[in-house]
Amino acid sequence: MSGAGPAVVRTREELESLVDVELGPGPWLTVDQERIDLFARATGDRQWIHVDTERAAAAATSLIEIAAAV
């Protein structure tokens with residue numbers, strides 16, 4: 001395994017050779033609402049906190065207010 005790009009591990013031995021090896025960060029990935037909605041559809045995980053942006057924003061605002069009051 002060498003060179004730029006994602007690491008490709010083909011054997012157990014290659015995987016074991018990576019124990020304790022820092023692979024470094026990958027490129028940034030924008031996680032927008034469309035991506036979240038697609039994931040929700042694919043997995044059946046349609047929790048409101050992920051797919052109902054208005055309700056989630058209201059809940060976040062409430063939590064911030066509660067935290068500020070403590």
Side-chain angles (χ1 to χ4, degrees):
M1 283 184 356
S2 64
V8 177
V9 178
R10 292 186 174 88
T11 67
R12 179 182 176 143
E13 291 76 21
E14 286 180 354
L15 181 61
E16 288 174 347
S17 75
L18 295 174
V19 171
D20 296 323
V21 173
E22 184 175 330
L23 300 177
W28 284 98
L29 173 69
T30 300
V31 181
D32 56 13
Q33 192 60 47
E34 180 182 10
R35 184 179 293 270
I36 293 167
D37 292 341
L38 287 170
F39 180 84
R41 263 187 258 135
T43 62
D45 180 4
R46 299 208 36 89
Q47 289 288 322
W48 65 266
I49 196 73
H50 305 303
V51 297
D52 186 339
T53 56
E54 291 180 16
R55 185 175 174 194
T61 300
S62 297
L63 289 173
I64 291 168
E65 291 171 355
I66 291 168
V70 173

Show every donor-acceptor pair shorter than 3.5 Å between a side-chain atom in residues 56-70 and any protein atom, with sequence neighbours excluded, or say none if there are none.
residue : atom : partner : partner atom : Å
Thr61   : OG1  : Ala57   : O            : 2.9
Ser62   : OG   : Ala58   : O            : 3.1

Less than 3.5 Å apart, which donor and acceptor atoms pair up between the side chains of residues 29-38 and the rest of the protein, not counting sequence neighbours?
residue : atom : partner : partner atom : Å
Asp32   : OD1  : Arg35   : N            : 2.9
Gln33   : NE2  : Asp37   : OD1          : 2.9
Gln33   : NE2  : His50   : O            : 2.8
Arg35   : NE   : Thr30   : O            : 3.4

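Residues meeting the side-chain contact (heavy atoms from CB on, under 4.5 Å) test with Arg10, sequence neighbours left out: Val8, Glu14.
Sorted by first and then second residue, the salt bridge (Lys or Arg N to Asp or Glu O under 4.0 Å) pairs involving residues 15-30 (not counting sequence neighbours) are Arg12-Glu16.
When all heavy atoms of Val9 and Leu15 are compared, the pair lying nearest together is CG1-N, 3.4 Å.
Grouped by direct or indirect side-chain proximity (heavy atoms under 4.5 Å, Ile/Leu/Val/Met/Phe/Trp/Tyr only), Val51 sits alone.
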